[in-house]
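It should be emphasised that the depicted structure is a prediction, and the values quoted were computed from it without experimental measurement. Chain identifiers are assigned alphabetically (A, B, ...) following the order of the sequence lines, protein sequences preceding nucleic acid strands; residue numbering begins at 1 within each chain.
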There are 2 protein chains.
Amino acid sequence: MIRSEKGPINDMIQVSRELNPNISVDCVVFGLRRNSLKVILVERSFEVLDGEGEKVSDYKLPGSLVYNDELLDQAAQRVMRELTGLVNIRLERYDILDSLERVHKHLDKIWLESTSGLEINRVVSVAFFGLVNLESDNKYVIDKSARWMDLEETKHLPFDHSEIIQRALLAVQESIRTGDLIFRVLPEKFTIAQLQRAAEVICGVKLDSRNFRKKLKKINFILPLEEKQIKVAHKPARLFGFDQKKYMESKRKKNLF
Amino acid sequence: MIRSEKGPINDMIQVSRELNPNISVDCVVFGLRRNSLKVILVERSFEVLDGEGEKVSDYKLPGSLVYNDELLDQAAQRVMRELTGLVNIRLERYDILDSLERVHKHLDKIWLESTSGLEINRVVSVAFFGLVNLESDNKYVIDKSARWMDLEETKHLPFDHSEIIQRALLAVQESIRTGDLIFRVLPEKFTIAQLQRAAEVICGVKLDSRNFRKKLKKINFILPLEEKQIKVAHKPARLFGFDQKKYMESKRKKNLF
DNA sequence: AATTCTTTGCGTAATATATACGCTAAGTGA
DNA sequence: TCACTTAGCGTATATATTACGCAAAGAATT
């Protein structure tokens, strides 16, 4: 029926572990560049052996069925490791996809069945998002079969993956506003301008640097350090740090009505 | 092994539909009373037939495995209909429970297996919350095997249901702040005081009525009507309405940084 | 009919937060 | 030394938030 050329999922089936045919995870990992947002996709390249031997080669989100003895978070980490080579990306659940027509395209169904070795009838997928900085020291070099893709190139993906990405972007933007997500794409010591640029690119807005600075000064989990930038062709900026503990405390307070 | 006395889940298995042994839903439906919040639980009453024939009778959240041809939202509605008699409760997903130890108590496992007729190894559960007004005209009369329970009585439930309820309460409070949830527990035409009391009970706070009124006046999807209360032993209050369309529009705008 | 009671609903003043934008300071590189 | 760029402070204005005083409107009571 199908022959997988370098089917990534085939490689990850280990003896004595059972994939659950009903539960999967999909990961939407955004990569921040200076002026754009990328998303990581993996190649799906296979040949349909019935009929005319149609060759298919396209890209999809990294995802997989979940092992029966595996937590969803673990499955998401495994997917990233096995399909892209990235480890320890912080991932968060933001959605559950349960439509009965998720695997409605014939090609998608036979691909899934052949790579898993299971009969697939119903797959409920848990969606995760993540965010990394592609300009940082950690270069996030990924496997050959994976690619950092422009968001514009993700309009026509297999399954419901285009839709998943759209919703992930909204979830990331929301987390930037209210959470600590933005500090994950900053170096440990960062300048206010770096923080601002990251927020601007991810949320697609332009902010006034003077007011932005003012606002940050009264956030108590962003602490000014004694260090400054060096060797920059302008006034060197002060470096700041993110205080995890104080962040956790300030999270508790909620403004009700 | 087990004999179910009036096992509610037994009654709902229909011919020709298959329950999926890996996916379940659990529903946390809060009921608003004048001064307290209740939550709906269903009776679990059965007799273990091995050993000493231990009798068990306790309460749990309404929940069920999901049919293979059923959406999660449909499953949640079915659960409420079949286990409590309530229909058309608005329910929202707020969590996924995937721990491997969810069904760690022996009693819970044999109960689940006997009522479903399936071997249970791994159940990932999707949690829903809902909110209804128990003081409204619609009395929300529920089946005999279900009960509106005080939150304080839900500390030691089977499975991980106590924890699920705690998290549901936080999700409801958050939705009250930002969403339209509160309008579902109000009559179509309501006074500002009614809205305030609902918010106070659900969120557990006390608010200044004069400032509360001021705040609501500039929310453009809460429209003042020409009607007033009658036959109340005090100055009659103006009635207000909720404008779904305007609410949807105002939802789009987000304040970024 | 006058009085009392309760809740509505407007107003005001003090304080805090947000926004727009001017201007100087501090480095590197020419 | 000068030009250039970004950092970082200040100020003025508008908008929100909070605390609280008080009159108005109906029903119930006297």
Open item on the list: Nearest whole Å is fine: how far is D:dA19 C1' from B:L207 CG?
Closed with: 14 Å
Open item on the list: Nearest whole Å is fine: how far is C:dG27 P from A:I230 CD1?
Closed with: 12 Å
Task: Terminal axes of the helix from C:dA1-D:dT30 to C:dA30-D:dT1 (five pairs each): angle between them, nearest 10 degrees - done: 10°
Task: B:T191 vs B:L239 side-chain heavy atoms within contact, under 4.5 Å - done: yes
Task: Among B:V29, B:D143, B:L41, B:V42, side-chain contact (heavy atoms from CB on, under 4.5 Å) partner for B:T84 - done: B:V42
Open item on the list: Walk along nucleotides 13-18 of chain C from 5' to 3' and tag each nucleotide B, S or - by protein heavy-atom contact under 4.0 Å, base first, then sugar-phosphate.
Closed with: ------
- [ ] Among the candidates D:dA25, C:dC10, D:dT5, find the nucleotide nearest to the side-chain atoms of A:H234.
- [x] D:dT5
- [ ] Spell out yes or no: do the side chain of B:K235 and the base of C:dT8 have one donor N/O and one acceptor N/O closer than 3.5 Å?
- [x] yes
Pick out the pairs of N or O atoms, protein on one side and nucleotides 28-30 of chain D on the other, that lie under 3.5 Å.
none

TODO: Using a 4.5 Å cut-off on heavy atoms from C-beta on, say whether the side chain of A:S99 contacts that of A:D160.
DONE: no
Task: Note, B:I164 side chain near B:H161 side chain (heavy atom, < 4.5 Å) - done: yes
TODO: Starting from P on C:dT8, measure out to CZ on B:F240 and report it in whole angstrom.
DONE: 11 Å
Open item on the list: Could you tell me if the side chain of B:L83 sits less than 4.5 Å from the side chain of B:I40, heavy atoms only?
Closed with: no
Task: Value in whole Å for how far the P atom of C:dC10 lies from CG of B:L216 - done: 12 Å
Task: Any N/O donor-acceptor pair, A:R210 side-chain to C:dG22 base, under 3.5 Å - done: yes
Task: Between A:F190 and A:F183, ring centroids under 6.0 Å - done: yes
Open item on the list: How many whole angstroms separate atom CG of B:D208 from atom P of C:dG11?
Closed with: 16 Å
Task: Length of the CD-P vector between A:Q196 and D:dT6, whole Å - done: 12 Å
TODO: Using atom CZ of B:R213 as one end and atom P of C:dT7 as the other, report the distance to the nearest whole Å.
DONE: 13 Å
TODO: Could you pick out which residue, A:A237 or B:N211, lies toward the 5' side of DNA chain D when each is mapped onto its nearest nucleotide?
DONE: A:A237
